[in-house]
Asks: 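My questions will all concern the structure given below.
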Number of protein chains: 4
Amino acid sequence: MADSDNDYLVQSPDPQHPANLIPELCAKFWHLGWVTGTGGGTSIRDDDLVYLAPSGVSKELVKPADIFVLELSKQVNQKERIYLRKPPVLKPSQCTPLFIAAFTKRNAGCCIHTHSQWAVLITLLLERQRANTKVFEINNIEQIKGFARGFGKEGNLGYHDTLRIPVIENTPFEEDLTDSLEKAMEEFPDTCAVLVRRHGIYVWGDTVHKAKTQCESLDYLFQLAVEMHKLSLPWLSNII
Amino acid sequence: MADSDNDYLVQSPDPQHPANLIPELCAKFWHLGWVTGTGGGTSIRDDDLVYLAPSGVSKELVKPADIFVLELSKQVNQKERIYLRKPPVLKPSQCTPLFIAAFTKRNAGCCIHTHSQWAVLITLLLERQRANTKVFEINNIEQIKGFARGFGKEGNLGYHDTLRIPVIENTPFEEDLTDSLEKAMEEFPDTCAVLVRRHGIYVWGDTVHKAKTQCESLDYLFQLAVEMHKLSLPWLSNII
Amino acid sequence: MADSDNDYLVQSPDPQHPANLIPELCAKFWHLGWVTGTGGGTSIRDDDLVYLAPSGVSKELVKPADIFVLELSKQVNQKERIYLRKPPVLKPSQCTPLFIAAFTKRNAGCCIHTHSQWAVLITLLLERQRANTKVFEINNIEQIKGFARGFGKEGNLGYHDTLRIPVIENTPFEEDLTDSLEKAMEEFPDTCAVLVRRHGIYVWGDTVHKAKTQCESLDYLFQLAVEMHKLSLPWLSNII
Amino acid sequence: MADSDNDYLVQSPDPQHPANLIPELCAKFWHLGWVTGTGGGTSIRDDDLVYLAPSGVSKELVKPADIFVLELSKQVNQKERIYLRKPPVLKPSQCTPLFIAAFTKRNAGCCIHTHSQWAVLITLLLERQRANTKVFEINNIEQIKGFARGFGKEGNLGYHDTLRIPVIENTPFEEDLTDSLEKAMEEFPDTCAVLVRRHGIYVWGDTVHKAKTQCESLDYLFQLAVEMHKLSLPWLSNII
């Protein structure tokens with residue numbers, strides 16, 4: 001049976017079906033400037049099924065028929081990906097192993113990858129400022145309350161908590177980021193995101209809603225932090 | 001009778017009905033970047049009925065069925081809120097006591113809470129510049145004419161008038177802002193808004209239209225003021 | 001006959017009818033941030049009939065039924081405006097005498113008033129930099145070719161031409177700007193716009209299309225000029 | 001046969017037909033701020049047929065009926081353009097010879113011209129910084145992977161590759177740019193774009209998709225580079 005026969009996997013009248021949600025999210029992210037010029041991607045996991053936006057497509061134009069589907073439990077070999085459904089003329093996303101890491105290591109239900117300029121600028125500012133510190137830190141901003149406290153923990157961060165997002169170095173081939181992304185997940189077990197130097201960010205969450213709103217909140221904080229830097233306002237403060 | 005039975009309260013073919021206006025406003029505010037990542041909220045009062053956007057929802061996706069309703073005169077106890085209508089799976093907004101303060105203390109018809117980055121940056125600039133001055137002031141900008149002269153007063157501010165918006169300190173729990181918000185209302189009886197340090201802003205008005213346009217005008221002034229600061233242009237000037 | 005009886009004046013199935021164009025333009029300008037919080041306005045002249053957006057309305061929500069209509073030739077007294085059609089609950093725009101100045105002194109077919117922040121910032125930068133120079137000047141930018149050469153002249157400005165936009169001082173009451181606007185028109189007979197200090201801009205053109213595109217091109221140049229100022233790049237240069 | 005008789009050339013129910021794609025792209029570019037005030041343009045080549053957006057039209061309002069069509073192989077004389085279809089009241093784009101250069105010299109399938117402010121600012125920064133260096137260079141940014149390796153070459157640029165975009169000087173008449181644009185194409189045979197000082201950019205690609213996504217990726221890099229400049233972050237770095 002050809003991969004492309006399983007079209008039923010991406011055909012549903014339910015707007016909450018992953019094959020309908022991914023196009024809606026991708027279009028939204030394109031308008032936010034996060035997935036310019038085919039950059040970035042989005043994946044949703046529904047139990048063992050993983051739905052993926054294709055590579056090399058204008059993200060505001062993604063259609064349900066463009067979605068790749070694979071079974072998480074069947075991916076024994078990172079080099080030889082087996083797809084339940086594969087659109088004939090499209091290429092799978094190079095982000096796939098990174099999305100899978102979020103699904104397997106963090107039990108995420110959705111993972112979003114953007115090339116947000118604010119995220120890139122934060123990694124550039126950190127690169128220059130503190131060469132050995134591979135983490136973005138900010139505290140005492142209300143928006144921090146938008147993040148889950150951590151993997152397997154109940155509730156969200158508080159206003160006085162410090163949000164910490166690790167930064168990993170970029171590699172020429174996106175799939176080669178997988179090891180360092182997984183290492184960052186281990187070192188920062190509570191993080192919901194990993195910044196990639198000069199590249200962008202990966203953000204995940206238990207649900208599509210949580211991944212999306214955490215991605216929005218992070219972008220809000222990155223933009224705010226760049227503006228704070230321009231105005232010589234520090235990202236960390238001692239307020240009690 | 002279960003709270004969720006009163007669905008008729010949020011079902012109306014009239015686009016001006018609060019249950020239809022709140023979703024429209026929330027979507028507009030999301031596109032303006034004011035309610036990113038479930039932050040912020042909106043409430044409309046129609047006589048004794050108060051309609052509230054839910055907490056923890058992507059604000060561009062709010063539906064009439066998501067709206068909470070309560071009776072203003074029945075809220076005798078801040079800790080035990082009684083709802084006429086409560087969507088079963090959603091949580092009420094933590095902003096509720098602050099919205100109620102605007103309705104009871106200022107007879108407002110609508111109150112909007114945003115996490116606007118321009119508002120947050122203004123509070124950060126004030127925090128650094130003048131630690132003991134808890135007010136944003138600007139004058140001699142035409143947009144100032146967009147604000148009501150004050151509570152119980154006729155007409156709008158004039159071009160040469162100084163707009164003053166008080167700033168209160170943020171607290172870990174949003175409901176704990178209520179006392180200082182009410183105190184700021186007393187100290188600045190004519191203000192239509194209170195800035196919350198490192199958090200955002202609460203804006204109200206006699207009508208939905210007035211609250212919305214004052215919120216827009218404030219955001220315009222905050223953005224302008226941040227740009228003025230970058231260009232070393234003072235917020236206050238002596239022009240006659 | 002009551003003013004409000006002439007509803008036929010604003011009812012047309014033609015999308016190019018002024019009563020249909022004004023709402024479309026106002027909504028577009030609101031999304032561009034030019035008419036935030038009821039600020040700004042738009043007027044179209046069709047032969048002797050002048051169509052005006054109302055005052056005090058959220059500009060993205062203007063409807064054909066909200067439009068005021070007057071006869072240009074019948075306006076003998078600035079203080080007592082006579083309307084052919086006047087929506088019962090709305091107030092006419094305070095910009096009316098300024099729009100009329102563009103129609104009578106420059107034979108304009110459309111006049112647009114915005115509170116664009118870029119325009120306001122330009123007037124603030126000029127106020128500080130050169131107190132006695134009441135004109136914004138820029139040259140050697142391709143977008144300058146988007147402006148008509150001048151009143152009664154054929155063709156557009158060239159790349160090497162210097163665009164000059166006069167600045168007038170703001171007044172507490174918008175109608176009091178009329179004299180200085182007319183004076184600026186006389187002093188700069190070829191200008192298609194007048195900047196108002198700390199307020200915004202008035203832009204006109206022979207047609208709706210010309211007024212709109214000149215307003216867009218000006219805003220482009222103001223934004224560019226503010227960014228150039230931040231980067232210490234001069235607005236005038238000697239290139240041949 | 002009059003030029004305007006060939007209406008069938010721009011009438012198709014297929015959304016992928018050039019006469020339908022050009023209006024869609026122009027509207028998208030207007031919302032991105034690339035073709036403000038009638039500036040800029042877009043052309044698609046389908047085999048020997050070239051479709052062109054008209055000059056002097058608000059780009060968000062372009063309709064299929066506004067599209068010009070010519071045969072590439074029939075254009076023997078640059079001064080006397082022969083159109084297969086010419087809308088009676090519209091003027092052809094002054095960019096036509098530049099679009100044709102991309103089609104004939106680089107076998108492009110689509111060419112886009114924008115007045116993007118980020119592109120203009122980059123040319124201004126280069127003008128000041130290094131008067132004799134007529135090229136924008138950036139490396140070690142992930143988005144660089146969005147560009148084709150070069151004319152007649154397979155694949156895309158890599159993360160460590162340096163993207164080089166030549167800059168040519170502006171001229172009073174747009175068609176006079178043709179020679180220097182062609183010269184820049186020869187000097188930088190792999191470039192997919194040419195910056196025009198104080199004017200904007202021309203970007204092309206083998207397909208509509210490639211031209212559009214390369215144009216987006218360039219604008220992303222120009223905006224990022226301006227922000228990097230403001231933050232004193234260099235465009236070139238040594239990372240391996």
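A note on names: the letters A, B, ... follow the listed sequences, proteins ahead of strands, and every chain is numbered from 1.
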Asks: Considering only NZ, NE, NH1 and NH2 on the basic side and carboxylate oxygens on the acidic side, decide whether C/Glu60 and B/Lys212 come within less than 4.0 Å.
Replies: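 B/Lys212 and C/Glu60: salt-bridged.
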Asks: For the residue pair B/Ile141 and C/Asn170, establish whether any side-chain heavy-atom pair is separated by less than 4.5 Å.
Replies: no
Asks: Does the pair C/Leu124 and B/Leu231 meet the rule for a side-chain contact (heavy atoms from CB on, under 4.5 Å), with working shown?
Replies: CA-CA 10 Å; C/Leu124 289 166; B/Leu231 296 162; over 6 Å; no
Asks: Let me check something: any side-chain donor-acceptor pairs from residues 31-41 of chain B under 3.5 Å, sequence neighbours excluded? List them with distances.
Replies:
residue : atom : partner  : partner atom : Å
B/His31 : ND1  : B/Ala27  : O            : 3.0
B/Trp34 : NE1  : B/Asp219 : OD2          : 2.9

Asks: Only one of C/His199, C/Arg198, C/Arg197 clears side-chain contact (heavy atoms from CB on, under 4.5 Å) with B/Glu142; which?
Replies: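 Only one of C/His199, C/Arg198, C/Arg197 forms a side-chain contact (heavy atoms from CB on, under 4.5 Å) with B/Glu142, namely C/His199.
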Asks: What part of C/Val196 is in contact with chain B, defined as an atom under 4.5 angstrom from a non-hydrogen atom: side chain, backbone, both or neither?
Replies: neither
Asks: Is there any residue in residues 220-228 of chain C with a non-hydrogen atom under 4.5 Å from a non-hydrogen atom of chain B, and which ones are they?
Replies: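 C/Val226 fall under the 4.5 Å cut-off.
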Asks: How many angstroms lie between OG in B/Ser232 and CZ in C/Arg128, if you round to the nearest 0.5 Å?
Replies: 6.0 Å
Asks: Can you check whether anything in residues 103-119 of chain B gets within less than 4.5 Å of chain C, heavy-atom wise, and list it by number?
Replies: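 Those residues of residues 103-119 of chain B which would need a heavy atom under 4.5 Å from chain C do not exist here.
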Asks: In the structure I gave you, are the side-chain heavy atoms of C/Leu61 and B/Glu24 within less than 4.5 Å of one another anywhere?
Replies: yes
Asks: Under the ring-ring contact (aromatic ring centres under 6.0 Å, His included) test, which residues partner B/Phe147, sequence neighbours left out?
Replies: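 If we apply the ring-ring contact (aromatic ring centres under 6.0 Å, His included) test to B/Phe147, skipping adjacent residues, there are no hits.
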Asks: Between B/Lys145 and C/Pro172, is there a donor-acceptor pair closer than 3.5 Å when you use the side chain of the first and the backbone of the second?
Replies: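 Checking the backbone N and O of C/Pro172 against the side chain of B/Lys145, a donor-acceptor pair under 3.5 Å is found.
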